[in-house]
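Okay, structure first, notes after.
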Amino acid sequence: MKKPRVAPNDVRLMQLLTTMLLAALALLLMLALMFWLMRLPWFAIQGVTVLGDVAHNNGVTLRANVLPRLSGNFFSVDLARTRAAFEALPWVRRAVVRREFPNRLSVTLQEHQAVAFWGAENESRLVNHLGELFEANPGEVEREDLPRLNGPEEQSALVLAMYRALKDRFLLLEAEPVQLELSGAGQWRLQLNSGVVIELGRGTVDEVTQRIERFTRTLSQVSSRYGRKPSALESADLRYEQGYALRLRGVTTTDGQKKRG
């Protein structure tokens with residue numbers, strides 16, 4: 001019985017090289033075909049579907065500000081760059097961009113929920129419900145009675161948390177905080193809708209709210225000593241460990257000092 005003939009090493013090497021070349025050629029042809037298909041007009045971006053929050057951005061705004069920035073087709077469009085273009089729009093906090101075969105994009109927007117103005121009266125920054133600052137036209141805010149907060153930018157979330165903690169503490173006085181400021185030195189200052197300014201001093205949210213609770217709980221008693229109601233309050237200073245100082249409308253002192261509770 002004859003043994004099968006074994007091809008010489010050089011023949012086997014040639015066959016292997018031929019197989020590899022054919023495979024590489026097939027791969028190149030496939031890549032060329034894919035590249036050609038990707039460049040067909042059929043895959044050019046024909047439209048963008050916008051979902052989610054669109055209260056402050058309509059179709060005209062999107063077309064004018066975003067579409068000119070888009071480049072490439074369905075396969076080559078840069079989703080990260082597209083997302084950044086949408087998130088650069090006023091009021092847009094977050095954008096999620098997806099491809100929709102064969103020639104569209106789907107964008108889901110999340111807008112900022114404005115809960116306060118930030119900074120000086122002439123500034124255009126706002127605070128969202130997470131305590132984040134953002135730029136927008138204040139004239140587009142639905143509510144005109146939003147409070148005004150101020151302080152170091154990196155402390156915006158803390159300032160919002162303090163405002164929320166203090167707001168309900170003034171229900172007993174039928175007053176509402178309208179401005180809250182944190183100075184660079186860590187001092188808190190509050191203004192009520194009546195114009196009353198209250199110096200709150202330094203401290204955490206818990207420490208400051210404890211002072212406010214003591215103040216609101218005893219203000220009626222203190223003001224009644226001088227024949228006044230809490231509504232006669234003009235200013236207060238809570239930067240004392242064991243009490244507070246206040247000024248009542250129509251009440252003066254012989255030594256020039258404010259009444260202390």
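Only a predicted model underlies this, so the values are computations on that prediction, with no experimental measurement involved. Counting from 1, the numbers follow the sequence of the chain as shown.
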Report yes if some heavy atom in the side chain of [X] is under 4.5 Å from a heavy atom in the side chain of [Y]; otherwise report no.
| X | Y | value |
| --- | --- | --- |
| V205 | R164 | no |
| F170 | V196 | no |
| L219 | L246 | yes |
| N103 | N73 | no |
| F117 | N150 | no |
| T82 | L105 | yes |
| L171 | T216 | no |
| R93 | D53 | no |

Rounded to the nearest 0.5 Å, what separation is found between the [atom1] atom of [X] and the [atom2] atom of [Y]?
| X | Y | atom1 | atom2 | result |
| --- | --- | --- | --- | --- |
| R94 | T108 | CZ | OG1 | 9.5 Å |
| K229 | S224 | NZ | OG | 12.0 Å |
| R104 | R98 | CZ | CZ | 15.5 Å |
| L133 | E153 | CG | CD | 6.0 Å |
| E135 | E123 | CD | CD | 8.0 Å |
| Q113 | H129 | CD | NE2 | 4.5 Å |

Please answer whether the main-chain N or O of [Y] pairs with a side-chain N or O of [X] as donor and acceptor at a distance below 3.5 Å.
| X | Y | result |
| --- | --- | --- |
| Q46 | A44 | yes |
| S156 | G131 | yes |
| R239 | E199 | no |
| R202 | A185 | yes |
| R249 | S231 | yes |
| E207 | T204 | yes |
| R69 | N65 | yes |
| N193 | E176 | yes |

So if you build clusters from Ile, Leu, Val, Met, Phe, Trp, Tyr with side-chain heavy-atom gaps below 4.5 Å, do [X] and [Y] land together?
| X | Y | result |
| --- | --- | --- |
| F215 | L192 | yes |
| I198 | L173 | yes |
| V159 | L130 | no |
| L126 | L158 | no |
| V77 | L67 | yes |

For [X] and [Y], work out which heavy atoms get closest and say how close.
| X | Y | answer |
| --- | --- | --- |
| P152 | W118 | O-CZ2, 3.8 Å |
| S106 | L51 | OG-CD1, 4.0 Å |
| A95 | L109 | CB-CD2, 3.8 Å |
| L160 | L149 | CA-CD1, 3.9 Å |
| G201 | Q187 | CA-OE1, 3.0 Å |
| L166 | P177 | O-CG, 4.4 Å |

Item to check | Parallel, tilted or perpendicular, as decided by the 30° and 60° cut-offs, for the rings of H112 and F134 | outcome: parallel

Next on the checklist: In terms of relative ring orientation, are H56 and W91 parallel, tilted or perpendicular, with 30° and 60° separating the classes?
Outcome noted: parallel

Item to check | Derivation of the side-chain contact (heavy atoms from CB on, under 4.5 Å) call for V50 and L62 | outcome: CA-CA 9 Å; V50 180; L62 296 174; 3.4 Å; yes

Item to check | side chain to side chain donor-acceptor pair (under 3.5 Å) between T209 and R169, worked out | outcome: CA-CA 8 Å; T209 52; R169 268 66 180 185; 4.5 Å; no

Checklist entry - Are Q179 and R148 close enough, and set up right, to give a side chain to side chain donor-acceptor pair (under 3.5 Å), and what steps lead you there? => result CA-CA 5 Å; Q179 292 188 25; R148 181 166 294 276; over 6 Å; no

Next on the checklist: I'd like to know whether L182 forms a side-chain contact (heavy atoms from CB on, under 4.5 Å) with M162, so could you lay out the CA-CA distance, the side-chain angles of the two residues, the decisive distance to 0.1 Å, and finally the verdict.
Outcome noted: CA-CA 10 Å; L182 173 63; M162 180 68 81; over 6 Å; no

How about [X]: does its [atom1] atom have over 12 heavy atoms from other parts shown lying under 6.0 Å from it?
| X | atom1 | result |
| --- | --- | --- |
| R189 | CZ | no |
| R99 | CZ | yes |
| E174 | CD | no |
| E144 | CD | no |

Checklist entry - Passes side-chain contact (heavy atoms from CB on, under 4.5 Å), Y244 versus T218? Steps please. => result CA-CA 10 Å; Y244 54 82; T218 59; 2.7 Å; yes

